[in-house]
Number of protein chains: 2
Amino acid sequence: MSDEHLLLDNQLCFALYACTREVTRLYRPLLEELGLTYPQYLALLVLWEEGEATVKHLGERLFLDSGTLTPLLKRLESAGLLTRERSRADERVVIIRLTDAGRELKARASEVPHKLMCKSNLALDEYHRLKNEFNSLLQRLHALQDEDDTEKAPRPPRV
Amino acid sequence: MSDEHLLLDNQLCFALYACTREVTRLYRPLLEELGLTYPQYLALLVLWEEGEATVKHLGERLFLDSGTLTPLLKRLESAGLLTRERSRADERVVIIRLTDAGRELKARASEVPHKLMCKSNLALDEYHRLKNEFNSLLQRLHALQDEDDTEKAPRPPRV
DNA sequence: TCAAATTAGATTGTGCGCAATCGAATTATC
DNA sequence: GATAATTCGATTGCGCACAATCTAATTTGA
């Protein structure tokens, strides 16, 4: 009677969801030593890469909106890792810049990826294979959303 | 100077993390019609499968603890989809049972997996390949945790 | 049998995600 | 150059995740 499509173990989504939580759990102790949460670490990855960025740009790279980023960045600001300043050219824009402490943290964080790979017990080639797998899935999923934006057919009400 | 291991796009974890949010975003409109969030849907999947379950059992299947499950289940209770009752045999245990309304919701939810596969634009074989990929990764990650439990070497303080 | 240890769940507090709404600033249109 | 539309970020509110702590119930063991 129970249709198999509703079995928990048959859900692509559940495996994905559980994997993500399991991986962030692996990161947690490593990032705790740096005083960071996992999304904070991601925001810093972008800043370490680019030096400075607007909130909008961070949102585009991380696929997060201001409701998530604003409080997260404020916490990093009060931890002394970055500054938030409105642009002179366009006062709607807030520019995020690393402080010296923020830049220095990069050296300590540089061990994190390798430590994590060791903990995960994945071989290097497997690690890369999975990374490519996920990245291509991610791209496909984002391509879907772009379609939605362009279509925008006002679907008929369903009453 | 920027070591490539700290580039956002080189993180296995970020692709995984972003994929998960993208997939739950696909689910959201479908589940909204049922009045459910994604984790609530997962809890109901287990109950539709097993009829009833203790909070502990739900936690084991979903890898969630009581701090997450208790309020989630209370919301489903006040939505009239399930009941929470302490076991007579062992009063520490709370048994979760579907109500008639909860059972009836299963029929409406049965379309969700197929609808999602259409939205995701994944071919059936690809869907299964990815599902197996994620499930085997999940198993490996959980195996790691079991190791940690057995080892439990009190690592030396790092000052 | 009675104290200690374990177990199940609840509670509290912090930090995301994300939708919805808002205000201020900028750009476009006429 | 006044008005409308758009853009950027902040705010609010809700629902997870999860660590830490607590209470009550049960099991263990000396």
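Protein chains get the first letters and strands the later ones, always in sequence-line order, with residue 1 at the start of each.
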For [X], which residues count as a side chain to side chain donor-acceptor pair (under 3.5 Å) partner, sequence neighbours excluded?
| X | result |
| --- | --- |
| B:Arg103 | B:Asp100 |
| B:Arg61 | B:Glu49, B:Glu50 |
| B:Gln139 | none |
| B:Thr24 | none |

**Message:** Quick check on side chain to side chain contact (heavy atoms under 4.5 Å, CB included): which of A:Val46, A:Leu72, A:Leu45 does A:Leu62 satisfy it with?
**Reply:**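 The side chain to side chain contact (heavy atoms under 4.5 Å, CB included) with A:Leu62 is passed solely by A:Val46 among A:Val46, A:Leu72, A:Leu45.
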**Request:** Apply the side chain to side chain contact (heavy atoms under 4.5 Å, CB included) test between A:Leu76 and each candidate in A:Leu82, A:Thr83, A:Thr99; give the one that qualifies.
**Result:** A:Leu82
**Request:** Nearest-nucleotide wise, let me know which of B:Asp90 and A:Arg88 is further upstream toward the 5' end of DNA chain C.
**Result:**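 Its nearest nucleotide being more 5', the pick is B:Asp90.
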**Asked** With a non-hydrogen cut-off below 4.0 angstrom, is B:Ala18 in contact with a base, only sugar-phosphate, or nothing?
**Response**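 Counting heavy atoms under 4.0 Å across all strands, no contact is made by B:Ala18.
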**Request:** Select base, sugar-phosphate, or nothing to describe what A:Ala43 touches, counting heavy atoms under 4.0 Å on all strands.
**Result:**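 If one applies the 4.0 Å heavy-atom cut-off, A:Ala43 turns out to touch nothing in the nucleic acid.
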Measure [atom1]/[X] against [atom2]/[N] and give the value in whole Å, please.
| X | N | atom1 | atom2 | answer |
| --- | --- | --- | --- | --- |
| B:Lys74 | C:dA10 | NZ | C1' | 7 Å |
| B:Ile96 | C:dA8 | CD1 | C1' | 12 Å |
| B:His57 | C:dA8 | NE2 | P | 13 Å |
| B:Leu73 | C:dA8 | CG | P | 16 Å |
| B:Ile95 | C:dA8 | CD1 | P | 13 Å |

For [range], which residue pairs pass the ring pair (Phe, Tyr, Trp, His ring centres under 6.0 Å) check, not counting sequence neighbours?
| range | value |
| --- | --- |
| residues 13-40 of chain A | A:Tyr17-B:Tyr38, A:Tyr27-A:Tyr38, A:Tyr27-A:Tyr41, A:Tyr38-B:Tyr17 |
| residues 65-84 of chain B | none |
| residues 53-102 of chain A | A:Phe63-A:His142 |
| residues 80-106 of chain B | none |

**Asked** So what is the end-to-end bend of the helix from C:dT1-D:dA30 to C:dC30-D:dG1, with 5 pairs used at each end and the value given to 10 degrees?
**Response** 10°
**Request:** Summarise protein proximity over nucleotides 16-23 of chain C in one line of letters, 5' to 3': B for base, S for sugar-phosphate only, - for none, counting protein heavy atoms closer than 4.0 Å.
**Result:** SBBB----
**Message:** I need the full list of salt bridge (charged side-chain N to carboxylate O under 4.0 Å, His left out) pairs touching residues 68-82 of chain A, with sequence neighbours left out, sorted by first then second residue.
**Reply:** A:Glu77-A:Arg84
**Complete:** Students should find that the nucleotides of DNA chain D closing off the region near chain B, any atom under 4.0 angstrom from a heavy atom, are D:dG15 to D:dT26
